[in-house]
Structures are given as structure tokens and as C-alpha cells.
Amino acid sequence: MQDFLKRDYFKINKPYTHARQKRRKNLALPNIQFALFGVVLLLLFIAKIPGIVPTDIITTLFNVIMYAIIAVGFCMLLGYAGLASLGTAGFVGIGIYSAYFVMERWGLTFGIALVFAILIAIGIGITVGFISLRIEGIYLAIITLGVSEILAFAFKALASSLSLSAANRKLFFIKLGITNMQGGIFIIGVLILVALLVMSSNLINSPTGRAMIAMKNSTAAAQAMGISLMKYRLLAFVISVIYAAIAGVIYFLYIGSFQATDLMLTITTSLNILGAVIIGGATSLWGAVFGVFIIYGLNTILMSYVPFFRQNGDMMTIIIGLLIVIIVMFYAGGFNQLINSIRFRIEAKKSLGRLLTNDK
Amino acid sequence: MILLETFISSIPYVCVTVLATFAITLIFKTSDTANFAQGVIAAFSSFIVIDLFNQAAFPLYLGLPLGVIIGFIVGSFIDVVIFRKGKNVYAIGKQIITMGLVSVFYGITSILFKKKFINGFSFRGFSDKIMKVGEISIPVNSLYCLGITLVVLSVVFLGLYFTKWGLGVRATASNETVADMLGVNTRAITAISWGLACGIAAISAMLYASVRVNITTLFMVNIQVDAFMASVLGGFATFYGPVIAAVLVPVFARLIGLLAIYPRFSFISGWVNVIVYVIILLLILFKPKGLFDKIAVRKV
């Protein structure tokens, strides 16, 4: 009698065998997923050499990687601390100009450029964050808009045209030609992206991340539990500034030259990153990466290969704006919500199937 | 003498900033959200009017109200359709929607007017004449700007403080839920406020176009940032606070720019805006709620 019951119980609930369970558990770990993503990107890069993947796709891919770094930081700010910032463009500029000054003017290495950019980002992030978050969270967007303008003016006044000369084009003390430098920066970019994804994911699942989620859901309840609003909001904001600065550093080293009047330093960049995070789902890191791919990857591909969009480039701007409005209005979870609801339906069907099939 | 000339040359910019700041304040106080799309909406309305003026010699005394009406329609559309129809749109959601609308209107304006911008798009202004008072020359256009601004501001402020509608606006700005409970039609008031704000912004865009030599899609961005900084400086506790700050900010910027004439300070010329914004941020650091703050006790 007991055996009979046991067999039915097993059939319905279908426990995994040890090997299958271990595989499932490993793949489900976010860190492993990020690492696999990095491996796929590196494989795509290696495929460029024999010509399987065309070079402009690699450039697009690099842009996606760079903007994904910014978007991951912005995702932490918007999705977990609930703050919007319009200063992203200026913060990327911090990275670009730090890289220029450290590597070109002072002739130092890439590592020092990165550290310098991060230190400046921390300084500006704490100053701006402290000033604006003292009032209310909602003021951060307004003040960061002003800060972005300040930084744009300051950059124009500091140096209106930047370029990395051949003498200073070196990574880890090895002088490289342009293509090799781009290749090296691509690999470094992938490694940085994976590392930052892992760090962000771990941060979200830590007590800090839980404090941020609590703060976002109800400031009064969070404060009652002893969570300092200023501390966690400042932390989220500084993290987003740091990520943007890192992306700026690798962007400058990849393209090698930059004009202060470039579109990168205008509000367009900030709005595109916002759009990317909203489209992908504000609380999902993968969503941020996906959103960046939609806005920067798909945009470039559509612009190159579809004649309608090539002639009417502004249509993409309108579509991105409309997507932001519609998603916030009706489908706040973005693409992440879509994937989760599909997954949920599949799981529900599977469980129902298991419940109904009752073969003896 | 040079000081007086500086003040006179700053009149149109003061008018533009004042109107834009008032529009921002109106929306912020009634909807608790910053309208980032205001600049592009204003630019969009003004371009239509300027285009009609350039192509078909559409008279400006009709064009100005037309611009206001276009701005009004767009503004109230945003409130009535977009905000009300959305599910669970909170304050941060509204801000993000306005940010998305910046992209939408930027794209629409580009598509409609890009060819015209490339061929040189400019607005002659209200008048080409220059009035001479003694030794000082005042462009008549500035007087038009000043006159229009004073009329608009007086009408709106008189309305705010002496009419029932104004009382409703101030009640909604103070606490929307309680005002609703007390019978104020907050939905109508919010919709009208949005429309009015965007209409006033359209006027400011047209005034700005009359003094700007080259006009592009993003030509209102500088004014917008000035307006935002001025309104944060003035504080959202009152309606007049940001307006006063909006007068101070452009004048102050011009005075600092004046310093750059002296050879000892000539390096300032590229940094004027940076200095002004940094000073504003420092002032906000010491007075977080703005210069004209009202001390209010919030009960939990």
C-alpha cells in the first residue's frame, strides 16, 4: 500500500535525479549565467578574425557592452533605489576626460585612468547626491540635469577636442596599434561588464539590496526599521556614477578621439539609458542589458539595413520615447515582466500536466 | 552705464526664464512632478507659429494665442490622457513619462522641421526697431517681451490670488487629497494647470526665438535647465519664490559675464554658466528647501 502511494507521489512531483538537479541549480545561478554571457561575447569577438562576424557588428557589440555597463548602474538606481537621474551623460564624460588626462596628458597607464575616473566619480557623486537627496528624492532628476550641464560646459572649457596619440596608446605597458587596442579594450570591456553584473547581482541579494528594496517600497516603513534613507540612496547614486565613469574610460580608449560637442554628452544619452532600463524592466539586470541591445544594437542594425529607418532616423527617437511612455503607463515591469509571465505560464502548464497525467 | 546696458540686454532672457520657471512651478505644485518635456513642447508650439509667420505672414497678435492654444492642448492631453489612463502612475512614473515625451516631441519636431532648420530658420521678432532714450538704446523687441511677460504674469497671479479657480489651484497645490475631499474639482484644475503651464511655456519659447539667431530643436534646453535650477533655488513652497529666483539667475549670469571683460578675469568667459550653477547648488546646500522657504511642520 505504501509503495503504491510512493510511486504516484514520485510520478506527480517528478523529483530530479541528482545530476539533473545539480545542472539545473548551477545554470540557475546568476553568476554562472553572467559568465556564460561573457564567454558568448568573447566567442563572437574571436569569430571576427576569420571573418564570420563582420567588423561593424563588433563595433555595435562594443557600444552595446559599454552602454550596458552604464545601464546596469542606472538599473540599480532606478529599480532598487527608486530614483531617476538625468546626469548620465555628464558622468560618462567624467570617465572620458579622466582617461584622456591620465593617459594622454600625463602618460600613465590604463589602471590608473580607471582608478582616477572612479575617484572623481565618487567625489562628484557624493557631492551632488548629498545636495539633492537632502531635499527629497524627486529632486535628484532636476539637480542631475543641472549637473550634467555644468559638466558639459566644464568639459568644453577644459579641452574641446581629445585624442589618444600612438605613443600613449598602451594597455598594461604594451604599446598597441589601433586595431589591437580596440581588440584589447573589447576584451577588457566584456570582463568589466561580467564583473559588474556579478557585483550588482550580489549587491542586490545582500542586506544592502534588501534595504534598498525596502526603501523603495515604503520610506516610512524602512525608516522605522532603522534603514537610513540618505545612506542607501547616496550609495545607489554613487554606484551609478561610478559605472558610467568606467564605461566612459573604455569608450574613450576604444574610439581614441572625442569632440566635446559629441552627442554622447547631451541629454540624448541620459534619455536613451533611461529608456533602455525601462524597456528591459527596471528591477532586472538582464533587462537593462536587453534594453540597451534594443536601443543601441537594434537601432544600429535597423539604421544600416532597413531603408525606412535610414531616411527617417528620428522615427527611432519617437519610437523609443513612445515605448517609455507606454511601458510606464501599462506594463511597468517591462520586458522582464513579459519573460516572467511567459515562464510562469509554461511552469503552470507543466505542473497541470503533471497533475493530470496519472499513468500507473 | 555698462551696468545699465547689461540689465537692458538681459531683459528678454529674464522674461523667458521667468515664464518657463513659472510654468514648471505650476506643474510641480499641482502634480508633484517635474515636467521635463516642457522645453520641447514649448519649442514645438513655437515652431508651428514661427513657420506660419515666416511662410504665410501670419500676424503675431494671432500667432501668440495660437501658440498658447497648441501648448494648452498638448499639456492637458498629457495630463488627461496619459497620466489618467495609465495604471498606478506614481510621481516617479510621471517624471519618467515626461522624460519619454522629450524623446517623442524631439523626434516629431525633427521630422517636421529639420529641413527648415538646415536652410536657416529664424524669427524676426516682434519688431526690428530700436528705441533711444537719451544715450541708451533699447530694442523694441525687448519691450514687447517685457510687456507680454508682465501681462501674462499679472493675469495669472491675479487669477491665483483673487479668483475661485486660483483658490482651487492653491488648495490642490497644498494637498490634493484633502482639496478633493473638500469639493475642489482637482481633476479639472490639474488638467487646466498642465495646459496653462505648457501654454505659458510656448509663449516663453516664442519670446526666446525672437532673440536667438539660430534656432534648433533643442534650443529651449538651456532655458529649461535655467528654469529648473531657478525653481529649485526659489523653492516650491510658494508661487512667487521661483519667479523671483528666475529674475535673479539670468541677471547674475550676465553680471558674471560682465566680469570677463576685464583682462584679469578673461578666463571666466567659458565658465560663466558653471559658476552660476555651482553657486546655486551651494545655496541649495545651505537652504535645501530654497531661498523662499515656508517652515511647515509635517505630521506623521
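Convention: sequence-line order gives letters A, B, ...; per-chain numbering from 1. Below, each value reflects all heavy atoms present in this structure, side chains not excepted, and no hydrogens, waters or symmetry copies. Please read all numbers here as calculations on a predicted model, not as lab measurements.
- Distance alone, capped at 3.5 Å, places no donor-acceptor pair between the Q224(B) side chain and the Q38(B) backbone.
- When the shell of 6.0 Å around CE of M230(A) is examined, it contains more than 12 heavy atoms from other residues, nucleotides or ligands.
- Of the possible polar contacts, none joining the S231(B) side chain to the P242(B) backbone as a donor-acceptor pair under 3.5 Å is found.
- Of the two parts of V272(B), neither the backbone nor the side chain holds a non-hydrogen atom closer than 4.5 Å to a non-hydrogen atom of chain A.
- Under the 3.5 Å distance criterion, the side-chain polar atoms of R233(A) are left unmatched by any main-chain donor or acceptor of L83(A).
- Under the 3.5 Å distance criterion, the side-chain polar atoms of T127(A) are matched with a main-chain donor or acceptor of G123(A).
- Neither the backbone nor the side chain of D226(B) comes within less than 4.5 Å of any heavy atom in chain A.
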* Show your reasoning for whether side-chain contact (heavy atoms from CB on, under 4.5 Å) applies to D262(A) and F155(A). => CA-CA 11 Å; D262(A) 196 304; F155(A) 291 146; over 6 Å; no

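- Counting heavy-atom pairs closer than 4.5 Å to chain B, the top residue among L274(A), I143(A), L322(A) is L274(A).
- Within the 4.5 angstrom heavy-atom criterion, atoms from both the backbone and the side chain of K85(B) approach chain A.
- No other option in Y331(A), F130(A), Y139(A) has as many heavy-atom pairs under 4.5 Å with chain B as Y139(A).
- For a residue to count as touching a neighbouring chain, one of its non-hydrogen atoms must lie under 4.5 Å from one of that chain's; by this rule F36(B) touches chain A with the side chain only.
- Of the atoms belonging to V147(A), it is side-chain heavy atoms, and not backbone ones, that fall under 4.5 Å from chain B.
- Atom CZ of R187(B) has 12 or fewer heavy atoms from other residues, nucleotides or ligands within 6.0 Å.
- Note on G93(B), S110(B), A34(B): by heavy-atom pairs under 4.5 Å with chain A, the leading option is S110(B).
- Of the listed residues T268(A), I278(A), I131(A), I324(A), the one with more heavy-atom pairs under 4.5 angstrom with chain B than any other is I131(A).
- Using a 4.5 Å cut-off between heavy atoms, I327(A) makes no contact with chain B at all.
- Among L86(A), I267(A), I320(A), the residue making the largest number of heavy-atom pairs under 4.5 Å with chain B is L86(A).
- Interface summary for chain A: among Q95(B), K289(B), K94(B), M229(B), the most heavy-atom pairs under 4.5 angstrom belong to Q95(B).
- Chain A forms more heavy-atom pairs under 4.5 Å with one residue of I275(B), D32(B), V232(B), I280(B) than with any other, namely V232(B).
- Taking a 6.0 Å sphere around NZ of K287(B), one finds it holds more than 12 heavy atoms contributed by other residues, nucleotides or ligands.
- Counting heavy-atom neighbours within 6.0 Å of F77(B) CZ, excluding the residue itself, gives a total of 12 or less.
- Partner of F28(B) under the ring pair (Phe, Tyr, Trp, His ring centres under 6.0 Å) criterion, chosen from F239(B), F22(B), F236(B): F236(B).
- Of the atoms belonging to F83(B), not a single heavy atom falls under 4.5 Å from chain A.
- Contact of F228(B) with chain A is made through backbone and side chain together, with heavy-atom distances under 4.5 Å.
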